[in-house]
2 protein chains.
Amino acid sequence: MTAATPKGERRRQALVEAAAGLLVDGGFDAVRHRAVAERAGLPLASTTYYFDSLDELVTAALEFHGRAELEYGKARLDELDPGECGGEAFIDLVLDLLLGPPAGDRDAEAVLLRYERLVATGRRPYLRPLMRKLSGELHGLLLDIFTRAGQPVGRERVEELIALVDGAVVNALIEISPDPRAAARRMLAKAMQPR
Amino acid sequence: MTAATPKGERRRQALVEAAAGLLVDGGFDAVRHRAVAERAGLPLASTTYYFDSLDELVTAALEFHGRAELEYGKARLDELDPGECGGEAFIDLVLDLLLGPPAGDRDAEAVLLRYERLVATGRRPYLRPLMRKLSGELHGLLLDIFTRAGQPVGRERVEELIALVDGAVVNALIEISPDPRAAARRMLAKAMQPR
DNA sequence: AGTAATTTGGTACGGTTGTGCCAGATTACT
DNA sequence: AGTAATCTGGCACAACCGTACCAAATTACT
């Protein structure tokens, strides 16, 4: 259901943000009615009042988070130095867009979460339209970045690089001390060096 | 706990196989005490008698399934025609090893499961040693296959191709009608064609 | 044959889950 | 001001879950 009063709208938004936070911290399984309510400082019933089902709440949370990430990506794009084209910094930028900003010693978990979301989409068909939309915008962003870096590439090449990064990440997850970002960086650097 | 009597050993094995079946059909979340017991035609308590915890049962199921898959891979390797080296059939073979044998109209779900397993390992550190072992054997198998096909490659190249396939799969999962195997085949064919 | 170890299976407990219910408080509208 | 719509929040329910318990049955061993 959608809120009809200003205060109601604020409450609804608080729930969405709380749900998004839980999504980032603990994955889809962490987004529960009670957990969301507690995190937002609201009663349990408010979650079922503003959202007809848990799926609806999860969708709203994913959209909120996805939008925020795209905003971050666009900001990074705007401050891109056109001189930079193939150096370490450029690779790190692409990684930031695909894996999110580095999260220090929690980085492996943060990256893991992104791929849990991706894979979980397979079991939650209702998320696919949203995921496709977000993913499409991300692809476009990457195209822009390569172009602005004076290294224009085609759509196919972008998809190939994304696949390389994603594959490197999921394969790194089974290491004893996983460092998916480092694994992805190695792959990406190797694929982008001129031959 | 480990069984000490022949009949007990048979029962324990039945539980493992039931759990593996559930794992394949519905992912980790489907492996529950009650579901396993019902599928094996055994009482609930038998699951807690032979396995100290659910994690132990999941581990046994994963190992059982992983071994079966490696057996399948080795069999495919043995019947490989040394003449075949870069054709469609060869690509399909590599895909079969990485994604399992094609499962018809249930293929997308079967493939999805493989990646749920991979990602779920991130949240279940106790599975990492086993996953590493299975993954290592699979890498070795692929090395053998490329060698036998008269197209020897290095370990790094194998890792790159695997990453490409894995990345193509996870990105295909968000399509409206996902066909991850086809997406992976496209990527693989492009990467393996001589330049 | 008889004792000990193992296995069986029904049952119960405490916890968490999504969701429905509803009397009362708050807000919007005429 | 007064009626209607909206919102609030405490509570309960039924369905799961992992796991513990334990008397009875079965099997292994001397």
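Chain A is the first sequence line, chain B the second, and so forth, proteins listed ahead of strands; every chain is numbered from 1. Computed from a predicted model, the values in this text were never measured in an experiment.
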Derivation and outcome, side chain to side chain contact (heavy atoms under 4.5 Å, CB included), residues Leu161(A) and Val94(A): CA-CA 10 Å; Leu161(A) 290 176; Val94(A) 174; over 6 Å; no

Check DNA chain C against residues 51-58 of chain B and give the residues with a non-hydrogen atom under 4.0 Å, in numerical order. none

Applying salt bridge (Lys or Arg N to Asp or Glu O under 4.0 Å), can you list everything that pairs with Glu175(A), at least two apart in sequence or on another chain? Arg132(B)

By side chain to side chain donor-acceptor pair (under 3.5 Å), Arg185(A) pairs with (sequence neighbours left out) Asp92(A)

Return the set of residues passing ring-ring contact (aromatic ring centres under 6.0 Å, His included) with Tyr49(A) (not counting sequence neighbours), or none when no residue passes. none

With nearest nucleotides of DNA chain D determined for Thr48(B) and Leu44(A) from heavy-atom distances, which residue corresponds to the more 5′ nucleotide? Leu44(A)

Less than 4.0 Å between a side-chain N and a carboxylate O, is that true for Arg157(A) and Glu160(A)? yes

With sequence neighbours excluded, tell me which residues meet ring-ring contact (aromatic ring centres under 6.0 Å, His included) with Phe146(A). Phe90(A)

Closest-nucleotide 5' rank along DNA chain C - winner of Pro6(A) and Leu42(B): Leu42(B)

Carboxylate-amine/guanidinium contact Glu69(A) Arg114(A), below 4.0 Å: yes

Mind checking whether Leu112(B) and Met187(B) sit in one hydrophobic cluster, side chains of I, L, V, M, F, W, Y counted as touching below 4.5 Å? no

According to salt bridge (Lys or Arg N to Asp or Glu O under 4.0 Å), who are the partners of Asp25(B), at least two apart in sequence or on a separate chain? Arg39(B)

Can you pull every protein N or O that's under 3.5 Å from an N or O on nucleotides 5-8 of chain C?
unit_1, atom_1, unit_2, atom_2, d
dT7(C), OP1, Ala4(B), N, 2.8
dT7(C), OP1, Thr5(B), N, 3.2
dT7(C), OP2, Tyr49(B), OH, 2.7
dT7(C), O5', Tyr49(B), OH, 3.4
dT8(C), OP1, Arg11(B), NE, 2.7
dT8(C), OP1, Arg11(B), NH1, 3.2
dT8(C), OP2, Arg11(B), NH1, 3.2
dT8(C), OP2, Tyr50(B), OH, 2.6
dT8(C), O5', Arg11(B), NH1, 3.0

Contact between Leu42(A) and Tyr50(A) at the side-chain level, heavy atoms closer than 4.5 Å - yes or no? no

Please output the side-chain donor-acceptor pairs of residues 53-60 of chain B that fall under 3.5 Å, not counting sequence neighbours, one pair per line with the distance.
unit_1, atom_1, unit_2, atom_2, d
Ser53(B), OG, Asp55(B), N, 3.4
Ser53(B), OG, Glu56(B), N, 3.4
Asp55(B), OD1, Tyr126(B), OH, 3.2
Thr59(B), OG1, Asp55(B), O, 2.7

What is the distance from atom OG1 of Thr5(A) to atom CZ of Arg12(A), rounded to the nearest 0.5 Å? 14.0 Å

List, with names and distances, any nitrogen or oxygen atoms from the protein found under 3.5 Å away from nitrogen or oxygen atoms belonging to nucleotides 23-25 of chain C.
none

Looking only at heavy atoms, which two atoms of Ser46(A) and Leu15(A) are closest? And how far apart? O-CD1, 3.7 Å

Can you run down the salt bridge (charged side-chain N to carboxylate O under 4.0 Å, His left out) pairs that involve residues 133-145 of chain B, sequence neighbours left out, and say none if there aren't any? Arg67(B)-Glu137(B)

Gln13(B) side chain reached by Phe64(B) side chain, heavy atoms, under 4.5 Å: yes

At a heavy-atom distance below 4.0 Å, which nucleotide of DNA chain D is the first touched by chain A, and which is the last? dT6(D) to dA12(D)

Within residues 24-37 of chain A, find the residues that approach DNA chain D with a heavy atom at under 4.0 Å, and present them sorted by residue number. Arg34(A)

